[in-house]
2 protein chains.
Amino acid sequence: MKNLTLKDIALALGLSITTVSKALKDYPDVSAKTKEKVKAYAEKVNFTPNAYAAFLRTQESKMIGVVIPRLNHYFFSNVLRGIMHQAEANNYMVIVLSSEESYELEKKQVAKLVKQNVDGILISIADTTHNLEHINRVNELNIPLVFFDKYSKLSPSPSVIINDQQAAYMAVNHLIARGKKNIAHLRGPLLPQNSIDRFLGYRKAIEEKQLTYKKEWIFTCENISSDDGYRYTKHILEHHPEVDAIFAVADLPAIGAIKCLNEYEIAIPEQMAVMGFSNWGISALTTPALSTVNQPGEEMGASAFDLFLAEKERLRKGENSNVENIELATDLVIREST
Amino acid sequence: MKNLTLKDIALALGLSITTVSKALKDYPDVSAKTKEKVKAYAEKVNFTPNAYAAFLRTQESKMIGVVIPRLNHYFFSNVLRGIMHQAEANNYMVIVLSSEESYELEKKQVAKLVKQNVDGILISIADTTHNLEHINRVNELNIPLVFFDKYSKLSPSPSVIINDQQAAYMAVNHLIARGKKNIAHLRGPLLPQNSIDRFLGYRKAIEEKQLTYKKEWIFTCENISSDDGYRYTKHILEHHPEVDAIFAVADLPAIGAIKCLNEYEIAIPEQMAVMGFSNWGISALTTPALSTVNQPGEEMGASAFDLFLAEKERLRKGENSNVENIELATDLVIREST
DNA sequence: GTTACAAACGAAATCGTTTTCGAATTATAA
DNA sequence: TTATAATTCGAAAACGATTTCGTTTGTAAC
């Protein structure tokens with residue numbers, strides 16, 4: 001009924017604990033016959049070695065920690081699913097912690113994972129993270145660490161990201177191709193690399209086509225919330241009537257924008273086009289449906305886990321080979337709002 | 001730099017491992033002076049006992065497992081946050097697994113948690129779970145198990161739920177108070193208790209006010225998706241023009257309904273009112289904004305964790321006292337769609 | 001000075017697995 | 001027949017914390 005031990009199996013088969021353990025791990029100094037017998041019995045009673053005891057010897061916990069900025073976030077949920085799927089395939093357990101976009105909490109969560117002796121940490125850093133001491137400490141302890149989506153250029157750890165600048169560039173070019181000339185940008189906070197890159201992609205597209213670029217058309221969504229989008233759109237309507245398109249850093253502000261435009265009975269996309277970023281599940285359900293950039297969440301999660309395995313191997317071998325970085329492709333999802 | 005052990009502290013202070021351990025746990029046979037010294041040093045070097053080694057003696061892993069039907073689900077994300085918050089306060093780690101609404105996967109995930117020696121399991125069962133052997137097995141192993149939101153009446157384990165029947169009853173009564181007389185219901189799958197209860201609440205309200213109740217106005221959303229809502233609403237418009245309100249088992253189908261009604265340019269709520277259930281973040285952002293029933297997710301998560309602690313204590317003492325069940329209050333959120 | 005007792009500390013066993021090293025058995029060669 | 005090698009197994013020592021049970025030391029009572 002309860003979880004069996006090697007001892008139980010050894011007793012049942014008249015073998016020593018050592019031989020049972022070695023048989024299960026295919027040591028060469030156990031006869032084929034004995035291996036068969038042990039494996040068959042272990043299979044029958046559904047034995048799996050006690051992970052805690054194993055850790056004590058091997059110092060491998062077979063657990064990884066994941067730190068994400070937010071739990072109830074469509075994109076990160078998808079990344080998580082990708083991570084967990086890959087983790088399961090490799091017999092790893094996953095501990096998920098949220099930083100709630102707070103630098104202080106992020107530090108605590110990372111420390112907690114280190115104390116838990118996780119074999120590695122996958123992290124997407126918070127909007128407010130301005131210091132990488134906690135990350136550096138993980139590196140010093142030789143614990144594999146992988147960034148996904150929100151990384152820092154100041155850390156040498158491997159990362160899997162999208163090309164935010166290029167994606168934003170494509171998105172804005174799409175608006176331009178639709179004939180829009182005065183495009184406002186609801187950008188993200190100032191620190192995160194991806195909100196910087198999306199802004200740069202926006203500016204590059206504008207400048208390349210020699211459209212007007214105005215600082216007054218750039219608004220910073222501190223919380224990347226629908227409320228941010230709603231408020232700034234209202235402001236745009238009242239103070240910048242010449243604006244004919246909005247490119248938002250994420251779907252949530254874009255949906256807030258649509259909400260506002262609907263209330264003011266502005267025709268979308270004729271009078272004002274709206275472009276989001278991330279392709280959340282809900283973005284297909286607004287009226288009108290939101291055009292956006294698709295981010296491959298599950299793929300990113302799976303790649304992040306694979307990078308962790310690679311990084312672990314790299315650290316084990318003590319190689320000074322370069323870390324891997326992965327850049328995933330994105331694509332435009334054109335719907336009714338453009 | 002690396003994680004310290006009791007041995008390191010003992011060596012540094014010229015004490016035995018035993019005394020250090022006992023000092024940290026406030027054993028009575030350690031002098032106050034020594035306790036002070038040990039605690040101060042442990043604090044300074046940020047010592048925490050190795051959880052894996054501790055488990056081997058105490059058989060307590062200080063980890064709980066959580067199984068939810070879906071990861072990217074607004075309500076469950078909130079429950080998770082409540083669980084994690086409470087877990088952190090009590091020094092527990094949380095392993096989250098998803099059943100993806102599949103009975104088979106749910107069984108696997110529970111088995112995995114048992115193998116991991118979690119101290120308890122919090123679970124919201126899948127829509128397709130029709131058999132409780134896996135739950136019973138957990139009970140037999142004396143591992144505390146707590147249901148939240150989606151439970152089974154066939155298991156004696158404690159649970160924290162809402163009164164779905166009463167909440168649905170209130171919601172439908174609200175539609176009736178708005179003058180609606182022919183109310184359709186987009187119900188959930190047949191197995192889960194909450195979709196049964198919401199249906200019963202709907203029927204109770206209808207029958208009590210002696211409105212017409214028709215089987216043809218009941219539609220089963222197998223996936224509780226927006227697509228379900230969209231499809232059935234289209235069907236209602238085409239085949240049951242007399243229907244003047246829709247009560248959905250969840251927000252997602254309700255949003256699908258609104259999407260459809262908008263496309264057909266049906267006036268909401270004048271020609272057709274729509275009521276959801278759960279109060280997802282997006283339900284305030286549709287046009288028109290969705291009326292719904294608020295479910296206290298975080299509170300439910302926190303209560304579930306508390307129930308786990310209580311159940312653990314109950315099992316430890318071997319009491320045959322009754323298990324606790326908690327029912328949380330819900331409230332209507334009236335927006336534009338009614 | 002002897003005994004009794006409490007206070008303060010440590011030795012050692014234990015949890016279950018892994019792995020090194022040595023012992024035992026069998027097979028092979030001389 | 002003996003020496004050697006190959007094969008197969010098991011004893012035992014870790015890993016780090018917990019806890020039982022002794023041991024030592026000091027104090028008080030007689």
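The sequence lines fix the lettering, A, B, ..., with proteins before strands; numbering per chain opens at 1.
- For the residue pair B:S16 and B:T19, a side-chain donor N or O sits within less than 3.5 Å of a side-chain acceptor on the partner.
- At a cut-off of 3.5 Å, with distance as the only test, a side-chain donor of B:T34 or B:S31 sits close to an acceptor on the other residue.
- Minimum heavy-atom separation, A:S98 to A:L71: CB-CG, 4.0 Å.
- Taking five base pairs at each end of the helix from C:dG1-D:dC30 to C:dA30-D:dT1, the local helix axes there meet at an angle of 70°, rounded to 10°.
- D:dG16 atom P lies 14 Å from atom OH of B:Y52, rounded to whole Å.
- Ion pairing between a basic and an acidic side chain is recognised when a charged N comes within 4.0 Å of a carboxylate O; B:E140 and B:R137 show no such pairing.
- In terms of position on DNA chain C, the residue among A:A53 and B:T34 whose nearest nucleotide sits closer to the 5' end is B:T34.
- OP1 or OP2 of D:dG10 sits under 4.0 Å from a side-chain N or O of A:T19.
- Between the B:N78 side chain and the B:F75 main chain, no donor and acceptor come within less than 3.5 Å of each other.
- For the contact set between residues 22-32 of chain A and DNA chain C, defined by any heavy atom under 4.0 Å, the members are A:K22, A:K25, A:Y27.
- Side-chain atoms of B:T5 stay outside donor-acceptor range of the base of D:dA17, with no qualifying N/O pair under 3.5 Å.
- The base of D:dA11 does not come close enough to the side chain of A:S16 for any donor and acceptor atom to sit less than 3.5 Å apart.
- Under the side chain to side chain contact (heavy atoms under 4.5 Å, CB included) criterion, B:I17 pairs with B:L6, B:K7, B:A10, not counting sequence neighbours.
- The CG-C1' distance, from B:L11 to C:dG10, rounds to 15 Å in whole Å.
- Note: CD1 (A:I17) to P (D:dA11) measures 9 Å, nearest angstrom.
- Ring centroid separation for the pair B:F305 and B:H85 does not come in under the 6.0 Å cut-off.
- With sequence neighbours left out, the side chain to side chain contact (heavy atoms under 4.5 Å, CB included) criterion links B:K317 to B:E313, B:E319.
- For B:P49, the side-chain atoms get nearest to D:dT18 when compared with the rest of D:dT18, D:dG16, C:dG10.
- Residue-level contact check: A:S21 touches the bases, meaning some heavy atom is under 4.0 Å from a base atom.
- When the P atom of D:dT7 is taken as reference, atom NZ of A:K35 falls 12 Å away, rounded to whole Å.
- In this structure A:T48 satisfies the side chain to side chain contact (heavy atoms under 4.5 Å, CB included) test together with B:K115, sequence neighbours excluded.
- The ring-ring contact (aromatic ring centres under 6.0 Å, His included) test applied to B:F148 returns no partner, not counting sequence neighbours.
- The separation between A:K62 atom NZ and C:dT17 atom P is 16 Å, rounded to whole Å.
- If you take CD of A:E60 and C1' of D:dC15, they are 14 Å apart, rounded to a whole angstrom.
- At whole-Å resolution of the value, CZ in A:R57 and C1' in C:dC15 are 15 Å apart.
- Considering only side-chain atoms of A:N50, the nucleotide from C:dG10, D:dT19, C:dG16 that sits closest is C:dG16.
- One atom, CG of A:L6, and another, C1' of C:dT18, lie 9 Å apart when rounded to the nearest Å.
- Each of C:dG16, D:dA17, C:dT18 was ranked by its minimum atom distance to the side chain of B:Q59; first place goes to C:dG16.
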